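Report on one structure; see the data block that follows.
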2 protein chains.
Amino acid sequence: MPDATLGPSAFIVLGFLNHAGPATAYDLKRWVDDSVGFFWSFPRSQLYAEPQRLVTLGLLAETQEESGRRRRLYSVTDAGRAALADWRRSPAGMPELRDPGLLRMFFTPEEDHAALRALAAGQLRQHQERLATYRDMLGGEPCPWPERPPFTRTLRMGELYEQACLTFWQEVLDGLRPE
Amino acid sequence: MPDATLGPSAFIVLGFLNHAGPATAYDLKRWVDDSVGFFWSFPRSQLYAEPQRLVTLGLLAETQEESGRRRRLYSVTDAGRAALADWRRSPAGMPELRDPGLLRMFFTPEEDHAALRALAAGQLRQHQERLATYRDMLGGEPCPWPERPPFTRTLRMGELYEQACLTFWQEVLDGLRPE
DNA sequence: TGGGACATGTAAGAAGTTACATGATTAT
DNA sequence: ATAATCATGTAACTTCTTACATGTCCCA
């Protein structure tokens with residue numbers, strides 16, 4: 001039974017290995033860190049735990065080196081590929097904003113203009129940086145995963161999101177000016 | 001020691017009680033469900049656990065009814081208000097997109113136009129609904145928390161975000177058309 | 001040949017998810 | 001008066017955060 005208890009982390013592992021072939025947990029980390037990690041983080045402590053779990057579920061196969069570091073190499077089984085395909089066809093839920101800056105603003109009294117100004121200024125700066133990063137990646141040298149065009153697409157969503165954030169915090173700041 | 005281990009959930013509890021005065025965990029739930037919950041969910045299982053934790057930290061005071069339901073009423077202590085104020089001044093990190101639809105797209109082969117079309121269409125529909133909800137709340141009757149203008153602000157961010165999502169998924173769909 | 005960076009892994013505790021369970025209120 | 005719903009709470013399990021710990025490689 002392929003079990004319904006597979007979370008997003010499971011599919012990041014499956015998706016990566018399906019794309020990259022046999023690899024170690026650390027390979028996964030490096031790959032995640034500068035691709036999917038920009039919009040969906042993969043916790044360190046799951047790096048080794050999640051592949052193990054998938055092995056027990058029969059979705060991954062594992063071989064361990066005899067010499068040296070005795071690293072564990074994982075690869076996707078047929079069952080794993082099937083689970084991945086099923087997941088891709090399953091309905092996707094809605095994201096949650098979960099913006100720490102927004103949360104602080106929510107609990108800041110409307111009349112505390114100094115606090116709001118500081119918050120908005122800080123958020124503007126960070127979002128500008130992030131947007132610049134995305135644009136470098138979009139415009140710069142051919143990305144490290146030329147065979148992975150969907151990443152360019154997700155970058156586009158990142159760009160749109162950062163623009164929305166800049167618009168928002170700028171509006172907040174502008175609404176404060178007269179004060 | 002007020003402990004550095006306070007997460008966002010803690011500040012939602014503190015912020016609510018600081019605003020609303022003594023209240024029960026269930027009051028918290030109702031309030032969260034149609035305000036801050038739109039961009040930062042508060043898990044059911046934390047509803048009763050988190051206030052308890054804050055009591056042991058001295059940030060909340062608790063009184064329990066003698067009769068009937070023996071409900072627990074919480075209120076913020078001076079230490080609690082201080083912790084809240086500190087948090088509001090602390091630097092806010094960046095949000096993570098964490099969009100399940102984006103994640104599926106990332107792991108869908110570029111050439112599988114049928115899958116991409118289905119995904120984009122579904123996401124468009126959901127984001128349209130959400131946007132309509134926000135606009136009702138913005139334009140409709142004066143919101144249930146007239147004393148809480150920041151909520152109108154966070155709604156504005158929600159509106160901008162949903163618009164960005166609609167733009168994005170529409171672009172995805174348009175890029176597929178010729179196929 | 002030794003110091004830093006890279007690579008690999010574990011563990012404890014916090015937070016989140018899901019399902020269950022039951023006492024009050026309300027409506028019909 | 002009784003079914004539905006609201007209100008209140010617990011328990012089991014999964015995931016995440018954070019910190020620690022160590023081994024291996026590179027290169028000056």
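Everything quoted here is computed from the prediction, not taken from an experiment. Note on naming: letters A, B, ... go to the chains in the order of the sequence lines (proteins, then strands), and numbering restarts at 1 for each one.
Note that the CD atom of B/Glu110 and the CE atom of B/Met105 stand 8.0 Å from one another [nearest 0.5 Å].
Atom CD of B/Gln52 and atom P of C/dA15 are 14 Å apart (whole Å). When rounded to the nearest whole Å, the span between CG of B/Asp27 and C1' of D/dG9 equals 15 Å. With rounding to whole Å, B/Tyr48 atom OH is found 10 Å from D/dT10 atom C1'. Following rounding to the nearest Å, A/Leu47 (CG) and C/dT8 (C1') show an atom-to-atom distance of 10 Å. In this structure, B/Tyr26 places its OH atom 17 Å from P of C/dG23, rounding to the nearest Å. Distance, A/Glu62 CD to C/dG9 C1': 13 Å, rounded to whole Å. Atom NZ of B/Lys29 and atom C1' of D/dA7 are 10 Å apart (whole Å). Atom pair B/Arg72:CZ and D/dA7:P shows a separation of 18 Å (rounding to whole Å applied).
Contact annotation: A/Arg71 reaches the phosphate of C/dT8 (side-chain N/O to OP1 or OP2, under 4.0 Å). Contact annotation: A/Arg30 side-chain N/O to C/dA7 OP1/OP2 distance is under 4.0 Å.
Taking the six-membered ring for Trp and thresholds of 30 and 60 degrees, B/Trp31 and A/Phe107 have ring planes inclined between 30 and 60 degrees apart.
When B/Phe16, B/Phe38, B/Phe42 are each tested for a side-chain contact (heavy atoms from CB on, under 4.5 Å) with B/Val32, only one passes: B/Phe42.
In the helix from C/dT1-D/dA28 to C/dT28-D/dA1, the terminal helix axes, each the rotation mapping four pairs' C1' atoms onto the next four within five end pairs, subtend 20°, rounded to 10°.
Looking at A/Thr24, its side chain never comes within 3.5 Å of a backbone N or O of A/Leu73 through a donor-acceptor pair.
Counted by atom type alone, B/Ser41 and A/Glu96 present one or more donor-acceptor pairs between their side chains at under 3.5 Å. A side-chain donor from one of A/Gln52 and A/Tyr74 sits under 3.5 Å from a side-chain acceptor of the other.
Counting all heavy atoms, side chain and backbone alike, A/Tyr161 lies closest to B/Pro95 at OH-CG, 3.1 Å.
Shown here are the side chain to side chain donor-acceptor pair (under 3.5 Å) partners of B/Gln128, two or more places apart in sequence or in another chain: there are none.
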Grab the N/O contacts between the protein and nucleotides 15-18 of chain D below 3.5 Å, and write none if there aren't any.
unit_1	atom_1	unit_2	atom_2	d
D/dT15	OP1	A/Thr5	O	3.4
D/dT15	OP1	A/Arg53	NH2	3.3
D/dC16	OP2	A/Ser9	OG	3.3
D/dT17	O4	A/Ser45	OG	2.8

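A salt bridge links A/Asp27 and A/Arg30; the closest N-O separation between the charged side-chain nitrogens and carboxylate oxygens is under 4.0 Å.
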